[in-house]
Every structure is written in C-alpha cells, then in structure tokens.
Amino acid sequence: MKQLIVGLGEALWDCLPEGRKLGGAPANFAYHAGQFGHDSLAISAVGDDALGQETLDEFDKKSVKYLMPKVDYQTGTVQVELDSEGIPTYDIKEGVAWDNIPFTPEIEAAAKNCRAVCFGSLAQRSSVSRQTIQKFLEATPKNCLKIFDINLRQNFYTKEIITSSLQHANILKINDEELVTIGRLFGYPGLDIENKCWLILGKYNLDMLVLTCGVNGSYVFAPNLKSFQETPKVDVADTVGAGDSFTGAFASAILAGMPITDAHKLAVDVSAYVCTQNGAMPKLPKGLLDRIK
C-alpha cells in the first residue's frame, strides 16, 4: 500500500442557498492534498440511501479516493446560512452516518500506511466514530503527521475530547474564536493570543500550532519560530472549506520538505483562492500547485 494522506471524520452535504454541495472538513482536506499529488483518502461513513450513493459518485467525479462503509443511518446534511460577508453558520444534523464510522480492517490498514492524517472534534461527538478515530490514530506509524483541526461546531465538543485529541496530535490548527473558547474551557484567562498559543504548544508537546484569524492574518508557532502572514484581500464568494484547503496545502508543503514560513505562505494563498470560488472543492490553478516541487 502507498503512504496515504487521510482526512478522517465527517462526510456530508452542505445545503447552501444556491444548492447542495459535498463537504465535511476531512473530505475537503483529502481533496486538496490530492490536488498537490499525494495519495489522499477520505475516510467516513455514508447511509445506504440515495444521498450516500450521490456522495460516492461525487467523490468519483472529483477523483477523491475514499473508504466509506455504508451504515444503517442517513447520510449527513448541514443547513448552511451565509451572512452578507459570506461567513457561514451551520445547523448540523445528528444521528447520521458519519456519527457511526466502523473501524474496519480496511480502515486499520490505511492507518498503518498513513503519512499524515487530519481529524477534528466534530466527528468525535458520538462514541462510535470517536473510538474509530482514536484507534486509527493509535495505529499510525510513529512519524505520521497528526493534525488536529479542532473545528468547534455548535455544542459538539467537550474538554475531555479536546484534551485527548491534543495528546494524540503533533499539529493543532485553530482559529481565533476557537482559541477564546479553549481559553475559557481550560482556564487560561488574561493571556493574550500569542501567549495562549505558546502555552498550548508547550503543554501538549506539539511540533506546530497554526492559528488563523480571518481577515487579521494567520500565525504558525513552532519551537523557536513564529511565522505571520497577512490575509490577502480578495472578492469573497464564500468561505466554506477555505480553512480545510489551508490545512491541505500546509500539510502537503510540510511533507514535501518546505520550510514552515514558505508552507504557511502557500496555505494562505490557496485559502484566499478558495474564498473566491463557490463551495469547498474548487480546482486549484496550476500556479499554486506548481509551488510544491
């Protein structure tokens, strides 16, 4: 088996004002990593229903490889409302297929051949998928890049799930609003943004912490290194999936041996481009893809 880059967790349909679009952070991540030439794989579960089949057909169309067992639950959907700035709010249906991802022999084999995996807190809201994600992380090789893209949604997270995920991860990706929530949850009052990041980096022995602050730029913290990039000004179509494209590009660049600052710049430019397009999985222009040799 080839060494894989895996997006692990929710696969769902974003029901946007202009229609349904395939989404879910892990699938978005796998799609973008695949655009940079990696053997990427989206792992989740779908229902044995029309929407489940449509999910697999859509992945086939976009050339995204997947391991998505069919389970006795409906395929996941999310109602997405966009404000005047194109910023989404989500109503995420519960008790769906991706809440029930089984740990199959095929998924275990993928874990053992995994070079990088991106996972979040959302798919860990149910015990079945949480156990599958934890077993997967424990089965990965020692040098696997384990990216915890925290992705806090509604009330679908707990302090225990976040702590366990940080202990399994070597990279944390978080946005400024999530950092405030984590600060409250873990009792880091009074610390400024940067000090919170340094504290989390050290406390959980992370290799890197990526902090995105919307229009106010983004940071990467690593031992003895801080990188800051401005957010490019672009005409925003919507921001759905922009963060996942950032993570996919950043992981691809780090795996290719790019310095952190260069990987960071590429991730910012990819994310900005995705904001100019509708939906989470646009085709990236050659100029961006060619920056990873």
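Just the heavy atoms: all of them, side chains too, but no hydrogens, waters or symmetry mates, feed the values below.
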Looking only at non-hydrogen atoms, find the nearest pair between [X] and [Y] and report the distance.
X      : Y      : result
Pro102 : Val71  : CD-CG1, 4.1 Å
Cys275 : Ala242 : SG-CB, 3.6 Å
Asn170 : Cys144 : ND2-O, 3.0 Å
Ala272 : Val234 : O-CG2, 3.8 Å
Ala253 : Ala263 : CB-CB, 3.5 Å
Ile182 : Ile150 : CD1-CD1, 3.6 Å

Using 0.5 Å steps for rounding, measure from the [atom1] atom of [X] to the [atom2] atom of [Y].
X      : Y      : atom1 : atom2 : result
Gln35  : Lys286 : CD    : NZ    : 13.5 Å
Phe246 : Ser271 : CZ    : OG    : 7.0 Å
Leu179 : Arg184 : CG    : CZ    : 11.0 Å
Leu82  : Thr89  : CG    : OG1   : 7.5 Å
Ile292 : Ile254 : CD1   : CD1   : 9.5 Å
Gln131 : Phe103 : CD    : CZ    : 11.0 Å

* Would Lys159 count as a cation-pi partner of Phe186, with NZ or CZ less than 6.0 Å from the six-membered ring centre and within 45° of the ring normal? -> yes
Verify the neighbour count for atom [atom1] of [X]: are there more than 12 heavy atoms of other residues, nucleotides or ligands below 6.0 Å?
X      : atom1 : answer
Asp83  : CG    : yes
Glu138 : CD    : yes
Asp290 : CG    : yes
Gln154 : CD    : yes
Gln277 : CD    : yes

* **Ring centers of Phe221, Tyr219 separated by less than 6.0 Å** => yes
* For the residue pair Phe119 and Phe148, is the inter-centroid distance of their aromatic rings smaller than 6.0 Å? -> yes
Residue that, paired with [X], satisfies side-chain contact (heavy atoms from CB on, under 4.5 Å) out of [options]:
X      : options                        : result
Lys173 : Leu209, Asn151, Thr247         : Thr247
Thr132 : Thr104, Leu137, Asn100, Ile101 : Ile101
Cys197 : Ile174, Leu211, Val210         : Leu211

Do [X] and [Y] have side chains that get closer than 4.5 Å, going by heavy atoms?
X      : Y      : value
Pro232 : Val268 : yes
Ile260 : Met208 : yes
Met281 : Lys62  : yes
Tyr188 : Lys203 : yes
His38  : Ser252 : yes
His168 : Ile133 : no
Leu166 : Leu172 : yes
Asp91  : Val78  : no

Taking [X] for the side chain and [Y] for the main chain, is one N or O donor matched with an acceptor at less than 3.5 Å?
X      : Y      : answer
Asp262 : Met258 : no
Ser245 : Val274 : no
Tyr31  : Pro282 : yes
Ser129 : Trp98  : yes
Gln3   : Asn113 : no
Thr276 : Tyr273 : yes
Thr140 : Ala111 : no
Ser218 : Thr212 : no
Asp207 : Leu145 : no
Asp99  : Val96  : yes

Please answer: with hydrophobic residues joined when any side-chain heavy atoms are less than 4.5 Å apart, are [X] and [Y] in the same cluster?
X      : Y      : value
Leu122 : Ile161 : no
Leu201 : Val180 : no
Leu185 : Trp198 : yes
Val46  : Ile43  : no
Tyr204 : Leu191 : yes

* **Check ion pair Asp57-Lys61 (N to O, under 4.0 angstrom)** =>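 Salt bridge flag = no for Lys61 with Asp57.
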Looking just at side-chain N and O atoms, do [X] and [Y] make a donor-acceptor pair shorter than 3.5 Å?
X      : Y      : result
Gln134 : Ser164 : yes
His264 : Ser227 : yes
Gln53  : Asp49  : no
Gln124 : Ser165 : yes

* Could you go through the side-chain contact (heavy atoms from CB on, under 4.5 Å) check for Leu266 and Phe36 one step at a time? => CA-CA 12 Å; Leu266 174 62; Phe36 283 101; 4.1 Å; yes
* Kindly indicate, with the supporting measurements, whether the criterion side-chain contact (heavy atoms from CB on, under 4.5 Å) is fulfilled by Arg115 and Leu4. => CA-CA 5 Å; Arg115 196 173 170 212; Leu4 300 167; over 6 Å; no
* Asked: What's the verdict on side-chain contact (heavy atoms from CB on, under 4.5 Å) for Ile5 and Leu255, showing C-alpha distance, side-chain angles and the deciding distance?
  -> CA-CA 10 Å; Ile5 298 196; Leu255 289 170; 3.1 Å; yes
* Asked: Testing Thr77, Thr75, Thr55 for side-chain hydrogen bond (donor to acceptor under 3.5 Å, both in side chains) with Trp13, which one passes?
  ->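 Looking at Thr77, Thr75, Thr55, the match for Trp13 under the side-chain hydrogen bond (donor to acceptor under 3.5 Å, both in side chains) is Thr55.
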* Asked: Quick one: ring pair (Phe, Tyr, Trp, His ring centres under 6.0 Å) partners of Phe59, sequence neighbours excluded?
  -> Tyr66
* Asked: When you look at Thr261 and Lys265, which way does the side-chain contact (heavy atoms from CB on, under 4.5 Å) test go after all the steps?
  -> CA-CA 6 Å; Thr261 47; Lys265 176 72 174 114; over 6 Å; no
